Amino acid sequence: MPDAIIVRDLHKAYGETRAVDGISFEVPEGEFFGILGPNGAGKTTTLELIEGLRRPDSGEVSLLGRPPWPRNPAVLPRIGVQLQASSFFERLTAREQIRTWASLYGVDTAKADAMLEAVGLSDKANTQIQKLSGGQAQRLSIACALAHDPDVVFLDEPTAGLDPQGRRNLWDLLREINRAGRTVMLTTHYLDEAELLCDRVAIMDHGRILEIGAPASLVRGLDSPTRISVESGVIPEGQAHELFAGVAEVSDDGVSLTVATRDPAPVLTALAERNALRGLSVRGATLEDVFLNLTGREYRDDD
Amino acid sequence: MTSTGDKGRSLRSLSSAITKGYLRDRTALFFTILFPLMFLVIFGLLFRDAGTSKSDVIQVGPVAVLDNIPAEGRADLESVLNVQHSDSLDDALKRVRDGDVDAAVEQRGDAVVVHFSAADQVGSGTVLAIFRDIVQGANLAASPTPARFSFEAEQVEDASLKPIQYLTPGLLGWAVATGAMFGAALTLVTWRQKKVLRRLRLSPVNTFSVVGARIGVSILVALAQGAIFIALASLPAFGLKLSGYWWMSIPLLVAGTLAFLALGQVAGSFTKTPEAASAVANLIVLPMAFLSGAFFPLDGAPSWVLNIARVLPLRHLVDGLLDVMVRGQGPAAVLPEIGILVGFAVAIGGVALVLFRWDDT
């Protein structure tokens, strides 16, 4: 597969702030690629540099084999960009909105209406955009980015501000977009979103990429302990300490007794033998642990 | 690369998007159409008779010079005097004192006596002049020598310059300036704030379509304002009389729209929110409207005001509109005004281009 996006040693500073500080990666065609990081990590600037909205201080970007800066009319019809839910013409209905954007790409109204249907907004076609819910606005925004059938789709924090149900619905839509063969590049500060959707994730912090890889292999590469929890009191804490001394760390916060171990099987067996599995939960490492491991600090959305 | 067809389609769909957004924005509609119309209605009705204001007098008993005026002379008299009759001098004097009427008139022997109040010097001055004239006329008519000199008054304007004749072009100029300025400033600011500009930049649309759509819609709005203003002012209640070359107001309105679009672009470049853009646009347009004589004539204004007015685009728009709509001037008379407005649009448009930003950061 040729690469849809190639980034080489990219730098961009705003005054003293180095928003993007020497990043390199490539995204093969058809990949679902995510940039994960807390707010202010440089994700949006990276996206803007690749889209051609900003001029890099140094380094190179190739988008579909061409430089996106300065504004490159040969590339623009082949990319679809969802900026934010609010990037709409004011006071138009959902249908008027998508037809307007589609027409700028030479796409006819029938195709635009079909796209509206595809994102499940047909029943909101005559609703003015300011009356759409957050999730509906996001879906319309994505539909507007897709109506001209682009090869590469950019999504900047597509699920920000949505409720859990809205996010899950949108994830299904995003998966379909990628399944249709499009390259998708997404930024997010939600760890679960990156883990669920992306083929590969770049973890970004302070303008640098700390690690790139498939979410599962990043997590496995951590070699972090599995955390086994049972209800507090089903086995006395002292007994648990004795039982798992040397192979696991035991803690009890009064609600749950948690055993952290790299070898979960014997721990589970021992707990089962003592009939102490009430309220059992087993949790492996997540991207959160990967982030913690890479930066030495807790992952926080509002960082 | 984009073909002409693509350009045409983008231009059409963007124009349609802007138009729909405008027509659904009640605030914008109010401030560009209804608000100026309210001024027209209020001023128009308030000053309806100001041009032909009559003096009210009470005639007590018979007064020969008034009673014996022939029919054709009576019409002239009634255009300046409103004569009521009364039998009681005391009543009449009281009403003069109260300011209800301008004077009371009676005849004592051969003398015509006019009672007036010094409280209203303008009103009484007018009445005294009228009666001096009447009495003199009667003396002349009674004398055997024919009159040697005659006197005729002619107004320089074609029709009687009723206030509506002045108000319509002035308020229309102000309305068009406001509409174009707000249109440009608010579109720029909201599109930038909502990131529509960025999104447009990432689509294959060309600058011509974006700018052309905004200009086109603003020109249509200006022409609609003109049509509505003229239609309303021409109603019998207001009585606007257009002069022959009124259609020259169309190129004037177009040129004025261009000038204020450019000014609005500059205002939009300095501001970040629609609220701030509105405030700045108002700060520019309102004082300019006063200094340009959009609300009242600048005839009595001091020379420094007139000097300032000369560099204001609204002055040239209003003056040009007055020339062709009510002063009866020919098309050639407003070519300089059109030239000045277009020149202003080009110069300020250049500034707007330099100040232009795609986004806030």
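Order of the sequence lines fixes the chain letters, A, B, ..., with proteins taken first and strands second; residue numbering starts at 1 for each chain. Just so it is clear, the model here is predicted, and its values are computed rather than measured.
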- Message: Looking at Glu51(A) and Arg201(B), is any side-chain nitrogen of the basic one under 4.0 Å from a carboxylate oxygen of the acidic one?
- Response: no
- Query: Between Glu48(A) and Arg198(B), is the closest basic N to carboxylate O distance under 4.0 Å?
  - Reply: yes
With a 6.0 Å cut-off (strictly less than), is the heavy-atom count around [atom1] of [X], excluding the residue itself, greater than 12?
X: Glu60(A); atom1: CD; answer: no
X: Arg200(A); atom1: CZ; answer: yes
X: Arg18(A); atom1: CZ; answer: no

- Message: Between Phe89(A) and Leu200(B), does the side-chain contact (heavy atoms from CB on, under 4.5 Å) criterion hold? Intermediate values first, please.
- Response: CA-CA 11 Å; Phe89(A) 294 109; Leu200(B) 283 171; 4.3 Å; yes
- Task: Measure across Lys195(B) and Ser87(A) and return the closest heavy-atom pair with its distance rounded to 0.1 Å.
- Result: CB-OG, 3.7 Å
Inter-residue atom distance [X].[atom1] - [Y].[atom2], 0.5 Å rounding:
X: Leu197(B); Y: Leu53(A); atom1: CG; atom2: CG; result: 11.0 Å
X: Leu92(A); Y: Arg24(B); atom1: CG; atom2: CZ; result: 6.0 Å
X: Ile18(B); Y: Thr100(A); atom1: CD1; atom2: OG1; result: 10.0 Å

- Task: Against chain B, label Thr109(A) side chain, backbone, both or neither, depending on which of its atoms sit under 4.5 Å from a heavy atom there.
- Result: neither
- Task: Report yes if some heavy atom in the side chain of Pro204(B) is under 4.5 Å from a heavy atom in the side chain of Pro73(A); otherwise report no.
- Result: no
- Query: Backbone N or O of Val81(A) within a donor-acceptor pair of the Arg199(B) side chain at under 3.5 Å?
  - Reply: yes
- Message: Evaluate Lys20(B) against Glu90(A) for salt bridge (charged side-chain N to carboxylate O under 4.0 Å, His left out), listing each step before the verdict.
- Response: CA-CA 9 Å; Lys20(B) 283 176 186 154; Glu90(A) 291 181 294; over 6 Å; no
- Mind ranking Ser209(B), Ser203(B), Ala17(B), Ser13(B) by heavy-atom pairs under 4.5 Å with chain A and telling me who comes out on top? Ser203(B)
- Message: So, using side chain to side chain donor-acceptor pair (under 3.5 Å) as the criterion, who are the partners of Trp358(B) when residues are at least two apart?
- Response: none
- Item | Top of Gln97(A), Arg99(A), Glu96(A) for chain B proximity - count of heavy-atom pairs under 4.5 angstrom | Glu96(A)
- Report the C-alpha distance between Leu76(A) and Val205(B) in whole Å, list the side-chain angles of each, state the deciding distance to 0.1 Å, and finish with yes or no for side-chain contact (heavy atoms from CB on, under 4.5 Å). CA-CA 9 Å; Leu76(A) 295 176; Val205(B) 72; over 6 Å; no
